[in-house]
Amino acid sequence: MRDNGLVKTIKFKNSTYIGDPINAVKIFNEKEVDELVFLDIDATKDKKEPPYELIQDIATECFMPFCYGGGIKTIDQIRRLIASGAEKVAINSAAFYNPQFITEAASVFGSSTIVVSIDYKKNLFGKQMVYVNGGKKSTKKDPVSYAIEMEKLGAGELFLNAIENDGMMNGYDIEMIKNISEAVSIPVVACGGAGELKHFKEAFHEGKASAAAAGSLFVFQGKKRGVLISYPDPSEIKEIINN
C-alpha cells in the first residue's frame with residue numbers, strides 16, 4: 001500500500017498503481033484466497049500511523065484472514081490494528097531497532113499474531129544481508145541467524161522477502177528459503193519472485209516453505225503487465241501442494 005492505494009514494486013522501486021484496496025479485496029473474496037498481506041511501504045520512512053479506518057473498511061469486506069505491516073513500533077498500535085480487524089501484524093524495522101518489542105508484543109497478543117518481516121539482498125560484497133527502512137538500510141545481519149534470533153524473541157511466523165527478486169517473476173530464492181526453513185521451527189512464508197505456478201511448488205517442496213506469497217503473479221497479466229487480478233482455482237492449488 002502507498003497513500004491508501006495498492007501498488008506493486010520491482011526490487012522495492014518503480015511502483016505501479018494497481019487500484020483501490022477494497023475493490024481488490026472484493027475480487028479476492030470471490031476467488032477464495034487463503035490470506036492477504038497489506039504492507040504500507042512508506043509508513044516507516046514517513047513515520048506514519050497505520051491507516052486504522054482503511055483497515056476497518058478492509059476487515060468489513062474481507063472474508064479471509066489478513067495481516068497488516070508498515071510502521072508498527074508500539075503495543076498500542078498493534079492493539080488498535082487488531083481492534084480494527086487485522087488478525088496478524090508484520091513487524092520489520094522495529095524488530096531490528098528494538099528487538100525486545102517482539103518479545104513484548106508476543107507476550108501481550110500471542111506469538112501467532114506477531115509476524116516478523118525479513119527483507120534481504122546482497123550487499124556491495126555479494127553477501128546476503130537483512131535490510132530495513134524499506135530495503136534501504138543494511139542491518140549487517142545474515143538472514144539465517146537473524147531469523148533464528150527473531151524466533152527466540154517470540155515471533156510466531158517469518159515473512160521472507162527477497163528484494164532482488166521482488167516483481168521480477170523469475171522464481172523464489174529457494175536456497176535462502178530452505179536454509180531458513182530448516183533453521184527455525186516456526187512457519188516461513190516465501191515472498192519475492194513468483195511468476196508461474198511451478199514457482200510455488202519449488203517453494204514448498206524444495207524450499208520447505210510453510211506458505212508462499214505473491215504480488216505480481218496475482219495482479220498482472222501478460223508480457224505488458226496489464227492489471228488483471230487473478231488467483232489459482234482450488235484444483236490448481238491442490239496440485240501445487242500435493243505434487
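Heads up: numbering here begins at 1 and tracks the sequence.
- If you chain together hydrophobic residues whose side chains sit under 4.5 Å apart, V219 and L197 fall into the same group.
- Between N165 atom CG and I10 atom CD1 the span is 12.5 Å, to the nearest 0.5 Å.
- Taken to the nearest 0.5 Å, the NZ atom of K26 stands 12.0 Å off from the CD1 atom of I58.
- One finds the CD1 atom of I75 at 4.0 Å from the CD atom of E104 (value rounded to the nearest 0.5 Å).
- With a 4.5 Å cut-off on side-chain heavy atoms, E202 and K198 count as touching.
- In terms of modelled atom types and a separation under 3.5 Å, the side chain of S93 and the main chain of N133 share a donor-acceptor contact.
- Hydrophobic clustering keeps F159 apart from I148 (ILVMFWY residues linked when any side-chain heavy atoms are closer than 4.5 Å, directly or through intermediates).
- A heavy-atom distance below 4.5 Å is not found between the side chains of E32 and M64.
- No continuous path of hydrophobic side-chain contacts links F218 to F63 [ILVMFWY only; heavy atoms under 4.5 Å].
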> Given L81 and I55, is the side-chain contact (heavy atoms from CB on, under 4.5 Å) satisfied, shown in steps?
Replying inline: CA-CA 7 Å; L81 284 164; I55 297 299; 4.0 Å; yes
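- For D142, the side-chain hydrogen bond (donor to acceptor under 3.5 Å, both in side chains) partners are S145, not counting sequence neighbours.
- Applying the side-chain hydrogen bond (donor to acceptor under 3.5 Å, both in side chains) test to D40 and every residue at least two apart in sequence or in another chain returns nothing.
- For K121, the side-chain hydrogen bond (donor to acceptor under 3.5 Å, both in side chains) test picks out no residue, with sequence neighbours left out.
- Using modelled atom types and a 3.5 Å distance limit, the side chains of T74 and D76 yield no donor-acceptor pair.
- The main-chain N or O of A94 is never found under 3.5 Å from a side-chain atom of N98 such that the two would form a donor-acceptor pair.
- Note that CG of D3 is 10.0 Å distant from OH of Y17, once rounded to the nearest 0.5 Å.
- Sorted by first and then second residue, the side chain to side chain donor-acceptor pair (under 3.5 Å) pairs involving residues 184-197 (not counting sequence neighbours) are E151-S185.
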>> Walk me through whether F200 and I237 qualify under side-chain contact (heavy atoms from CB on, under 4.5 Å).
In response: CA-CA 9 Å; F200 294 130; I237 291 173; over 6 Å; no
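- Nearest heavy-atom pair, I72 versus G69, reported as atom, atom and distance to 0.1 Å: CD1-CA, 4.2 Å.
- Of the possible donor and acceptor atoms, none in the side chain of E206 sits under 3.5 Å from a partner among the backbone N and O of A203.
- Distance alone, capped at 3.5 Å, places no donor-acceptor pair between the T9 side chain and the K11 backbone.
- In the hydrophobic clustering of ILVMFWY residues, with side-chain heavy atoms under 4.5 Å counting as a link, M150 and I91 come out together.
- The CG atom of L54 sits 5.5 Å away from atom CD1 of I22, with the distance rounded to the nearest 0.5 Å.
- Using a 4.5 Å heavy-atom cutoff, the side chains of I82 and T113 are in contact.
- Counting only residues at least two apart or on different chains, the side chain to side chain donor-acceptor pair (under 3.5 Å) pairs with a member in residues 83-92 are E35-K88, K88-E157, N92-S117, N92-D119.
- Evaluation of the ring-ring contact (aromatic ring centres under 6.0 Å, His included) rule for Y146 yields no partner, not counting sequence neighbours.
- At least one side-chain heavy atom of Y231 sits under 4.5 Å from a side-chain heavy atom of D34.
- In terms of heavy-atom proximity, V25 sits nearest to C62 at CG1-CA, 3.7 Å.
- Not counting sequence neighbours, the partners of E49 by the side-chain hydrogen bond (donor to acceptor under 3.5 Å, both in side chains) test are Y52, Q77.
- K48 NZ: more than 12 foreign heavy atoms inside a 6.0 Å radius.
- More than 12 heavy atoms of other shown residues, nucleotides or ligands fall within 6.0 angstrom of atom OH in Y97.
- Side-chain N/O atoms of S15 and R2 include a donor and acceptor closer than 3.5 Å.
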>> One pair to check against side-chain contact (heavy atoms from CB on, under 4.5 Å): D20 and L6. What are the steps and the verdict?
In response: CA-CA 6 Å; D20 175 68; L6 288 184; over 6 Å; no
>> The test is side-chain contact (heavy atoms from CB on, under 4.5 Å); show your working for K140 and V130 and say whether it passes.
In response: CA-CA 7 Å; K140 299 180 180 176; V130 176; over 6 Å; no
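- In the hydrophobic clustering of ILVMFWY residues, with side-chain heavy atoms under 4.5 Å counting as a link, L36 and L160 come out together.
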If you look only at distance, which donor and acceptor atoms sit under 3.5 Å apart when one is on a side chain in residues 169-179 and the other is two or more places apart or in another chain?
| residue | atom | partner | partner atom | Å |
| --- | --- | --- | --- | --- |
| Y172 | OH | A213 | O | 2.8 |
| D173 | OD1 | M176 | N | 3.3 |
| D173 | OD2 | Y120 | OH | 2.7 |
| K178 | NZ | E182 | OE2 | 3.1 |
| N179 | ND2 | E175 | O | 3.3 |

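- Counting only distance, with no hydrogens or angles, the side chain of D42 and the backbone of D46 share no donor-acceptor pair below 3.5 Å.
- Summarising the geometry, atom CG belonging to L158 is positioned 12.5 Å from atom CD1 belonging to I114; distances are rounded to the nearest 0.5 Å.
- Judged as a ring-ring contact (aromatic ring centres under 6.0 Å, His included), and not counting sequence neighbours, the contacts of F38 are F66.
- Partners of D166 under the salt bridge (Lys or Arg N to Asp or Glu O under 4.0 Å) rule, at least two apart in sequence or in another chain, are K8.
- Using modelled atom types, one side-chain atom of Y68 and one backbone atom of G70 make a donor-acceptor pair closer than 3.5 Å.
- A search for ring-ring contact (aromatic ring centres under 6.0 Å, His included) contacts involving F204 returns nothing, not counting sequence neighbours.
- More than 12 non-hydrogen atoms from other residues, nucleotides or ligands lie less than 6.0 angstrom from NZ of K201.
- The other residues sharing a hydrophobic cluster with F12 are M129, Y131, I163, where clustering joins ILVMFWY side chains under 4.5 Å apart.
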